[in-house]
Structures are given as C-alpha cells and as structure tokens.
Amino acid sequence: MFGADDAVREFFEVRDSELDELGRIAVGYVYLTVRFAPALHPRYASLQFTAATSGMSRMFERSASIRAVFTGLTVASGGVCCVLDTESDILQICWLNGQPIQETVPGPRFANYRDLVATWPGQDQ
C-alpha cells in the first residue's frame, strides 16, 4: 500500500483502483530479491524491490510517495543506502549513510555504483 500522490493517481486512474481510508492504494506485485554478502559489498545484505512492469517502474521513479516508503524501510531496518533503479542507466539515491540525499549514479559525486558503495561504513576493512 502506497500513498496516492499525483504520480500514483495518474498511473491508476484508468484502472479504477480505489483508495483505502488512509488515502493509500495497492499497487499489485512488487518482487523482492535478497542477496547476502554480494560481491561489491560483502559486509551487507542487499534487498532489491522490483516493480512488476516497466510502466509501474516508471511510476515508482516519478512518485515521491513510493520513494518515501522504500526510504522508510531502509531507515527502519538500519540500511545504509536506498537506491531507486530507473528504466535507464541512472540510479537515484534516496538515502545514504543516515541522511536523505538526492544524487544520481552516475553523477557529479559518484561515477559508478562501486564509488557509491565505497562510502558505506566498513568498506575499508
């Protein structure tokens, strides 16, 4: 269930979806892949949430409500980074090392994903 901001409302308008009493909407399937000790960051687990369709993925990219839910999950679980994968070669960073952030990979601060991971605590051990 996600808050129905403009991007969510626009996506579901033609699908006659209904909001619940809290103004939220069910978006359907979101797939979760869990990887323990992935190669680039072996001291961490990676939780990858994937939209079921490309259209849903583009809606996730536009929606502040969707980003807030996934950022909130990252914060609540003690995660160090929340990255939104887009339908392009650009990743949007929402949370990094305890702070909300609006950066991209690649971008001015991080040339690639490896540069981003290098900022996480314990990567020098």
Side-chain angles (χ1 to χ4, degrees):
M1 301 293 286
F2 294 94
D5 63 11
D6 289 344
V8 173
R9 286 178 187 272
E10 181 181 319
F11 182 78
F12 286 103
E13 221 168 39
V14 295
R15 288 164 181 76
D16 296 323
S17 297
E18 304 235 340
L19 302 178
D20 73 359
E21 63 277 359
L22 298 175
R24 301 174 308 176
I25 193 166
V27 299
Y29 288 101
V30 177
Y31 301 104
L32 170 62
T33 303
V34 179
R35 292 183 180 90
F36 294 97
L40 276 180
H41 40 84
R43 296 179 178 273
Y44 295 88
S46 172
L47 281 64
Q48 179 181 354
F49 295 89
T50 305
T53 68
S54 292
M56 184 188 290
S57 180
R58 287 187 291 275
M59 182 265 296
F60 277 22
E61 185 178 342
R62 292 188 311 272
S63 172
S65 174
I66 301 289
R67 280 190 305 280
V69 167
F70 289 117
T71 300
L73 287 170
T74 303
V75 173
S77 67
V80 296
C81 187
C82 179
V83 176
L84 179 64
D85 190 2
T86 65
E87 289 287 313
S88 69
D89 292 334
I90 297 173
L91 302 173
Q92 294 179 3
I93 309 165
C94 306
W95 181 262
L96 180 61
N97 298 326
Q99 299 294 318
I101 184 174
Q102 291 184 359
E103 299 262 354
T104 60
V105 176
R109 187 169 169 195
F110 306 106
N112 54 47
Y113 189 67
R114 186 176 303 275
D115 290 348
L116 173 64
V117 171
T119 69
W120 300 358
Q123 290 302 313
D124 54 350
Q125 298 176 356

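Just so we're clear, the structure is a prediction, and the values are computed from it rather than from any experiment.
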Aromatic plane relationship, Tyr31 with Tyr29 - under 30° parallel, 30 to 60° tilted, over 60° perpendicular
parallel
Does Arg24 have any salt bridge (Lys or Arg N to Asp or Glu O under 4.0 Å) partners at least two apart in sequence or in another chain, and if so, which?
Asp20
When rounded to the nearest 0.5 angstrom, what distance separates CZ in Phe2 from CZ in Phe12?
9.0 Å
About how many Å separate CE of Met56 and CD1 of Ile66, when rounded to the nearest 0.5 Å?
8.5 Å
Residues in ring pair (Phe, Tyr, Trp, His ring centres under 6.0 Å) with Phe110, at least two apart?
none
Using the ring pair (Phe, Tyr, Trp, His ring centres under 6.0 Å) criterion, which residues pair with Tyr113? Sequence neighbours excluded.
none
Connected via hydrophobic side-chain network under 4.5 Å: Val8 and Leu22
no
Might you work through the side chain to side chain contact (heavy atoms under 4.5 Å, CB included) test for Leu96 and Leu116, ending with a clear yes or no?
CA-CA 9 Å; Leu96 180 61; Leu116 173 64; 3.8 Å; yes
Would you confirm whether [X], through its side chain, and [Y], through its main-chain N or O, come within 3.5 Å as a donor-acceptor pair?
{"X": "Ser63", "Y": "Phe60", "answer": "no"}
{"X": "Thr74", "Y": "Phe70", "answer": "yes"}
{"X": "Arg67", "Y": "Glu61", "answer": "yes"}

Provide the closest heavy-atom pair for Pro38 versus Ser46 in the form atom of the first, atom of the second, distance.
CG-CB, 3.9 Å
Given a cutoff of under 4.5 Å between side-chain heavy atoms of I, L, V, M, F, W and Y, with clusters grown through shared members, what are the other residues clustered with Met1?
none
Would you mind listing the cluster partners of Trp95? Hydrophobic ones only (ILVMFWY), side-chain contacts under 4.5 Å, chaining allowed.
Val75
Between side-chain atoms of residues 80-94 and protein atoms elsewhere (two or more places apart, or another chain), which donor-acceptor pairs fall under 3.5 Å?
| residue | atom | partner | partner atom | Å |
| --- | --- | --- | --- | --- |
| Thr86 | OG1 | Ser88 | N | 3.3 |
| Thr86 | OG1 | Ser88 | OG | 2.8 |
| Thr86 | OG1 | Ile90 | O | 2.4 |
| Glu87 | OE2 | Ser57 | OG | 2.8 |
| Ser88 | OG | Ile90 | N | 3.2 |

Evaluate whether atom CG of Asp6 has more than 12 neighbouring non-hydrogen atoms of other residues, nucleotides or ligands under 6.0 angstrom away.
no
Could you check whether any side-chain heavy atom of Val27 comes within less than 4.5 Å of a side-chain heavy atom of Met59, counting everything from C-beta outward?
yes
